[in-house]
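A quick write-up on the structure given underneath.
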There are 2 protein chains.
Amino acid sequence: MSDNGPDHTVSLRAAGLRPTRQRVALARVLFEGGHRHVTAESLHAEVKATRMPVSLATVYNTLNQFRDAGLLREVVVAPGRSYFDTNTGHHHHFFVETDGELHDFSSEEVTIAGLPAPPEGTTLARVDVIVRVRR
Amino acid sequence: MSDNGPDHTVSLRAAGLRPTRQRVALARVLFEGGHRHVTAESLHAEVKATRMPVSLATVYNTLNQFRDAGLLREVVVAPGRSYFDTNTGHHHHFFVETDGELHDFSSEEVTIAGLPAPPEGTTLARVDVIVRVRR
DNA sequence: GCAATAACTTAGAACGGTTCTAAGGTTCTT
DNA sequence: AAGAACCTTAGAACCGTTCTAAGTTATTGC
């Protein structure tokens with residue numbers, strides 16, 4: 001009798017989202033197992049492989065809703081393609097330009113000193129560090 | 001008798017590009033005056049205002065060629081829109097998320113310590129720091 | 001200077017990723 | 001179980017960017 005994995009129903013509800021079949025299936029793929037970096041297309045392919053029918057539009061909707069709810073973080077590294085990161089903690093990225101791979105590293109290892117003050121009338125939202133590497 | 005501004009002809013030739021009317025007009029808008037952040041659309045609007053007819057396709061071609069030649073740097077800060085920066089020196093960016101503005105700051109002011117080693121088999125290309133702020 | 005050649009520009013079509021539409025289906029409340 | 005609110009979907013639309021094929025301009029060799 002099946003207690004398999006976390007109850008996504010509760011976190012979805014907490015985010016103000018109904019735990020529909022599709023959203024639960026997507027949450028399972030995204031949040032069970034370690035941290036992930038996905039694109040809409042890659043996630044769509046993955047969830048379809050679990051035999052749960054989900055349209056690409058729903059994948060896009062869900063990624064945006066999860067991002068807005070703080071369940072995912074969007075990472076912009078290259079033009080014309082969005083990555084979503086299941087790691088929402090403080091961390092930065094290696095981006096392997098030659099093959100589009102993304103790897104996390106904790107921001108605790110890194111010290112950034114001497115950042116100038118934000119422009120007049122703005123407040124800091126986040127500091128992103130992208131270490132671009134090539135194979 | 002007109003020595004107005006730098007001779008873009010020579011830098012274009014140095015980059016292996018013929019100094020056509022369009023490219024020279026674009027170079028003038030981009031490289032005379034201080035550092036700039038442009039998008040294809042914004043640059044197209046600007047150069048058309050100088051009464052030199054240039055198609056949007058040529059603006060895209062030219063931006064890509066200038067980038068490849070090291071005359072411009074492409075900055076990716078938000079999905080679905082590319083900025084080009086005439087400052088090709090070492091520096092980082094403030095990005096004002098609420099209105100899409102981009103501001104440089106020199107990387108000399110900033111110290112980044114404790115960056116982890118690049119993944120196996122890769123070599124460092126560049127470190128981008130994007131400080132995201134909101135109004 | 002004048003061809004011939006190679007490079008460039010252009011309008012418009014095509015493209016790829018993302019969002020929208022409006023119709024039907026699901027979930028929640030009572 | 002019924003009503004209302006919310007969700008999913010296929011396909012169209014969209015938007016920034018790239019491609020295509022035809023005409024134009026810069027360069028090279030004479």
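All values below come from the heavy atoms of this structure, side chains included, with hydrogens, waters and symmetry mates left out. In what follows, every chain begins at residue 1, and chains take the letters A, B, ... in the order their sequences are listed.
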- Item | Interatomic distance, R21(A) CZ vs dT8(D) P [rounded to whole Å] | 11 Å
- Query: Of N61(B) and N61(A), whose closest DNA chain D nucleotide lies nearer the 5' terminus?
  - Reply: N61(A)
- Query: Within the structure, does a side-chain N or O atom of R23(A) lie under 4.0 Å from either OP1 or OP2 of dC7(D)?
  - Reply: yes
- Given DNA chain C, 5'-ward residue of the pair S55(B) and S82(A), judged by closest heavy atom: S55(B)
- Between R18(B) and R81(A), name the one whose nearest nucleotide on DNA chain C is closer to the 5' end. R18(B)
- Task: Send over the distance from R13(A) CZ to dC7(D) P, rounded to a whole Å.
- Result: 11 Å
- Task: Quick one: label T39(B) by what it contacts on the DNA or RNA (base, sugar-phosphate, nothing), any heavy atom closer than 4.0 Å.
- Result: nothing
- Task: Report the relative orientation of the aromatic rings in H8(A) and F31(A); use parallel for angles under 30°, tilted for 30 to 60°, perpendicular for over 60°.
- Result: tilted
- Pick base, sugar-phosphate or nothing for T58(B), based on heavy-atom distances below 4.0 Å to the nucleic acid. base
- Message: Any side-chain N or O of Q22(B) below 4.0 angstrom from OP1/OP2 of dT24(D)?
- Response: no
- Task: With heavy atoms under 4.0 Å as the rule, sort N64(B) into base, sugar-phosphate or nothing.
- Result: sugar-phosphate
- First and last nt of DNA chain C near chain B, cut-off under 4.0 Å to heavy atoms, 5' to 3', are dA6(C) to dA11(C)
- Would you indicate what P79(A) reaches in the nucleic acid, counting non-hydrogen atoms under 4.0 angstrom: base, sugar-phosphate, or nothing? nothing
- Check side-chain hydrogen bond (donor to acceptor under 3.5 Å, both in side chains) between S82(A) and all other residues, then give those that pass, not counting sequence neighbours. E74(A)
- How about R67(A): does its CZ atom have over 12 heavy atoms from other parts shown lying under 6.0 Å from it? yes
- Item | R73(B) with D104(B): basic N within carboxylate O range, under 4.0 Å | no
- Item | Distance, rounded to the nearest Å, where L56(A) contributes CG and dA12(D) contributes P | 15 Å
- Message: Measure CG/D68(B) against C1'/dT18(D) and give the value in whole Å, please.
- Response: 14 Å
- Task: Quickly work out the Y60(B) OH to dC15(D) P distance and round it to whole Å.
- Result: 13 Å
- Query: Which word best sums up how the rings of F94(A) and F105(A) line up, parallel for under 30°, tilted for 30 to 60°, or perpendicular for over 60°?
  - Reply: tilted
- Task: Would you kindly give the CE-to-P distance between M52(A) and dC7(D), to the nearest whole Å?
- Result: 16 Å
- Message: Rounded to whole Å, how long is the line connecting atom CG of L26(A) with atom P of dT8(D)?
- Response: 9 Å
- Task: Evaluate whether atom CZ of R132(A) has more than 12 neighbouring non-hydrogen atoms of other residues, nucleotides or ligands under 6.0 angstrom away.
- Result: yes
- May I ask you to check whether H91(B) and H35(B) place their ring centres under 6.0 Å from each other? no
